[in-house]
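These notes concern the structure reproduced below.
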Amino acid sequence: MQAFFDSLRAEVADLGINVLVVSPGYIKTALSLSAVLADGSKHGVMDSTTARGMSPDYVARRILRAIVGKEQDIMMAPIHHKLSVYLRVLTPSLFNWIMRIRARSGMAAEN
């Protein structure tokens, strides 16, 4: 998505259109409560990461400030999430290896 919006930003810049990419971390919403499981039943549990997330009001205010300030990108996430973006850009093979390990451990935990 980032590359698409970077391209869009370049294409519409001369038209006076600003493009803002918002990359939020976890936002404390009822999304996980309302999620539907594979069998169609309701998840009904607040995920711990979501529970520790930013308030929707804070996120909305930060996005509004970015729009008014004509910012191009905002990443609203903990430092380790931000570092992963740089890791992906600087050393994609290391990033992909780490993500494969995380995916394997996540699948193993589900089984």
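Remember, predicted model here, so these are calculated numbers, not experimental data. Here, residue 1 is the first one in the sequence, and each next residue gets the next number.
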Please report the shortest heavy-atom distance between [X] and [Y], naming the atom on each side.
X: Thr50; Y: Ile27; value: CG2-O, 3.4 Å
X: Pro24; Y: Val22; value: CD-O, 3.3 Å
X: Met46; Y: Ser32; value: CA-OG, 3.4 Å
X: Ala51; Y: Lys28; value: O-CD, 3.5 Å

- Just wondering, more than 12 heavy atoms not from Leu8 lying within 6.0 Å of its CG? yes
- Item | Note, Val21 side chain near Met1 side chain (heavy atom, < 4.5 Å) |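 No. Closest side-chain heavy atoms not under 4.5 Å.
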ILVMFWY network linking [X] to [Y], side-chain heavy atoms under 4.5 angstrom:
X: Val19; Y: Leu15; value: yes
X: Tyr26; Y: Ile63; value: no
X: Val12; Y: Phe5; value: yes
X: Leu83; Y: Met75; value: no

Any residue meeting side-chain hydrogen bond (donor to acceptor under 3.5 Å, both in side chains) with [X], in chain and number order, not counting sequence neighbours:
X: His81; result: none
X: Glu11; result: none
X: Asp47; result: His43
X: Arg52; result: none

Side-chain donor/acceptor pairs under 3.5 Å, residues 85-98, sequence neighbours excluded:
from	atom 1	to	atom 2	distance (Å)
Thr91	OG1	Leu87	O	3.2
Asn96	ND2	Pro92	O	3.1

- Which pairs count as side-chain hydrogen bond (donor to acceptor under 3.5 Å, both in side chains) when at least one residue sits in residues 54-76, sequence neighbours excluded? Gln2-Asp73, Arg62-Glu71
- Item | OG on Ser23 to CE on Met76, rounded to 0.5 Å |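 Separation between the atoms: 10.5 Å.
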